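Structure first, commentary second.
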Amino acid sequence: MIILKDRTQTKSPQVNKTSHKAQAALEGEVSGVKRFLPFLGPAFIAAVAYIDPGNFATNITAGSKYGYLLLWVIFASNLMAVLIQSLSAKLGIATRKNLPEIARERVPKGVSIFLWIQSELVIIATDLAEFIGAALGLYLIFGIPMVEAAVITAVASFALLEFQRRGYRSFEAVIGVMVLAVVMAFAVQIFLVKPDLAAISRSTFIPRFQGTDSILLAAGILGATVMPHVIYLHSSLTQNRVIGKNDKEKRQIFKFEFIDILIAMIIAGAINMSMLVVSAALFHKHGLFIEDLDIAFNKLNEYIGPVASISFGLGLLIAGLSSASVGTLSGDIVMQGFIKKRINLYVRRAITMIPPLLIIILGVNPTNALVMSQIILSFGIVFALVPLIMFTSNKKIMGVLVNHRVTTILAWIVAFLVIILNIFLLWESLF
């Protein structure tokens, strides 16, 4: 295994070009939509993790069992995601360091190593969901056996790493196109299932539960939405992308980045809500409780036709591939940040492929594996979220971008809710 010491990376032509355009925007030399364009991108990479195959499993299950009832959970989860991702992005802008780097500087070495190990386990669990989801998409669309589909997924994920190597703007563009493809896939399904718009509106804004199982599913939806590895990643995506020379520029950069976050999270939220809506409008309406994604695919084909089922499979495939590449990038960030080491991205990708390949070869139910991966993710949320709030509330660290008191209070409320719901999810799932 090749281990590389942490190093300062030289700026690529893409970085310089983006920096020049961003500086022109900060100095008021451009106006209108062009002002925002240099700052768009980081949040879309982060948003990919909010539409990974784990979300497919929880949203389809929730919609089939409770109809539109839990739409408000997705809506609330996305509001939480906007807050959490904005704190992470702000940390990078203010400090020019990512969350793992700041944690390493402020905690004992043993604690930093522990944080690195648990974050790597979380990323492996994330990769498990994404890899299996992409392979399952290939199996459903083309009938390729899962083992062969897993090999194809491995090759495709190595190809995506090449875009990362060529520069972040190329990678952002590819991820943006993939997110758009998932949007189109679910737009087709929404059009075909003709959902109840009044029920959608009512369930989006009126919080309700229906027994203990609905609370458990709500916790699962939340666990699949708030992803620990993306909390680490977003601070890295903004730390050196556009550098503010003074407090005024840092404020402007954060303002533009917040717009990026809003757009990306609205899209991710719409995709997640679409998953549940399709399941509610079709499966719940016909009295079907769907827990397996392959059954969901087959029922879409049976009730609506191949266009709906193929678009579902494509959405699953694309979401799995794109989110897997983001997971690999997150792994590089946490290792560099917590212990100042790096593994070649291709080596890292190969290592993280081993668990999902073994699960597929052993014939484990893919949907069950996706659900278990979400349980493992629950362990990591507290270790990412609590330090993030602590650091962004510290004026010595953040300077002019320190959290307002209201922001800090809201962040701690969100953290409390997320942690309590995930403890509930773990207890119910394990015992």
Side-chain angles (χ1 to χ4, degrees), residues 49-81 125-126 129 132-133 186 193 195-196 199-200 202-228 268-297 299-300 312 316 319 365-381 414 416-431:
Y50 289 84
I51 56 171
D52 79 347
N55 295 78
F56 278 70
T58 53
N59 292 331
I60 294 296
T61 300
S64 68
K65 188 168 186 178
Y66 294 105
Y68 303 103
L69 180 77
L70 297 178
L71 270 176
W72 69 271
V73 178
I74 299 176
F75 181 72
S77 296
N78 261 72
L79 291 179
M80 294 179 186
T126 304
I132 289 176
F186 278 95
V193 299
D196 184 341
I200 291 173
R202 185 170 57 252
S203 297
T204 299
F205 301 106
I206 300 176
R208 291 180 300 154
F209 288 112
Q210 191 176 311
T212 305
D213 284 347
S214 68
I215 300 174
L216 181 61
L217 268 174
I221 291 171
L222 183 63
T225 302
V226 181
M227 307 291 272
I271 292 172
N272 277 306
M273 293 179 81
S274 297
M275 294 177 193
L276 191 146
V277 166
V278 168
S279 182
L282 186 64
F283 306 140
H284 185 73
K285 181 180 178 181
H286 287 87
L288 299 173
F289 175 41
I290 306 292
E291 291 185 287
D292 292 330
L293 294 179
D294 53 344
I295 296 175
F297 176 89
K299 291 300 179 181
L300 278 166
F312 177 82
L316 183 61
N365 181 284
T367 303
N368 290 341
L370 291 178
V371 172
M372 287 305 299
S373 73
Q374 301 308 306
I375 294 172
I376 296 171
L377 284 174
S378 302
F379 283 103
I381 290 176
V414 167
F416 177 78
L417 288 173
V418 169
I419 292 167
I420 290 298
L421 280 173
N422 276 281
I423 290 173
F424 175 77
L425 174 65
L426 287 170
W427 179 265
E428 288 294 322
S429 299
L430 296 176
F431 303 107

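Note: hydrogens, waters and symmetry copies are ignored here, and every other heavy atom, side chains too, is used. Remember, predicted model here, so these are calculated numbers, not experimental data. Throughout, numbering of the chain's residues begins at 1 and tracks the sequence.
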Considering non-hydrogen atoms only, spot the tightest contact between Gly67 and Ala280 and give its length.
-> C-CB, 3.3 Å
Check for a donor-acceptor pair, side chain of Asn78 on one end and backbone N or O of Ala268 on the other, with a separation under 3.5 Å.
-> no
With Leu282, which of His286, Lys285, His284 fulfils side chain to side chain contact (heavy atoms under 4.5 Å, CB included)?
-> His286
Hey, mind stepping through Leu417 and Met80 against side chain to side chain contact (heavy atoms under 4.5 Å, CB included) and telling me if it holds?
-> CA-CA 10 Å; Leu417 288 173; Met80 294 179 186; 4.0 Å; yes
Take the angle between the ring planes of Phe312 and Phe297 and call it parallel below 30°, perpendicular above 60°, tilted in between.
-> tilted
Given Leu70 and Ile74, is the side chain to side chain contact (heavy atoms under 4.5 Å, CB included) satisfied, shown in steps?
-> CA-CA 7 Å; Leu70 297 178; Ile74 299 176; over 6 Å; no
Are more than 12 heavy atoms from other residues, nucleotides or ligands located less than 6.0 Å from atom CZ of Phe289?
-> yes
Indicate yes or no: at least one non-hydrogen side-chain atom of Leu69 is less than 4.5 angstrom from one of Ser203.
-> no
Phe209 side chain reached by Trp72 side chain, heavy atoms, under 4.5 Å | yes
Are side-chain heavy atoms of Ile60 and Phe283 found at a separation under 4.5 Å?
-> yes
Are Asn272 and Leu276 side-chain neighbours, meaning at least one heavy-atom pair lies under 4.5 Å?
-> no
Give the C-alpha distance, both sets of side-chain angles, the deciding distance and a yes or no for side chain to side chain contact (heavy atoms under 4.5 Å, CB included) between Tyr66 and Asp213.
-> CA-CA 10 Å; Tyr66 294 105; Asp213 284 347; 3.1 Å; yes
Can you tell me how far the CG atom of Asp52 sits from the CD1 atom of Ile132, to the nearest 0.5 Å?
-> 11.5 Å
Between the side chain of Tyr68 and the main-chain N/O of Asp196, is any donor-acceptor distance below 3.5 Å?
-> yes
Evaluate the side chain to side chain contact (heavy atoms under 4.5 Å, CB included) criterion for residues Lys65 and Ser279: first the C-alpha distance (whole Å), next the side-chain angles of each, then the deciding distance (0.1 Å), finally the verdict.
-> CA-CA 9 Å; Lys65 188 168 186 178; Ser279 182; over 6 Å; no
Sidechain-backbone polar pair: Ser64 side chain, Thr61 backbone, donor-acceptor under 3.5 Å = yes
Report the distance from atom CG of Asn59 to atom CG of Leu217, rounding to the nearest 0.5 Å.
-> 9.5 Å
Can the ring centres of Phe186 and Phe56 be said to be less than 6.0 Å apart?
-> yes
Heavy-atom closest pair, residues Thr58 and Asn55 = OG1-O, 3.2 Å
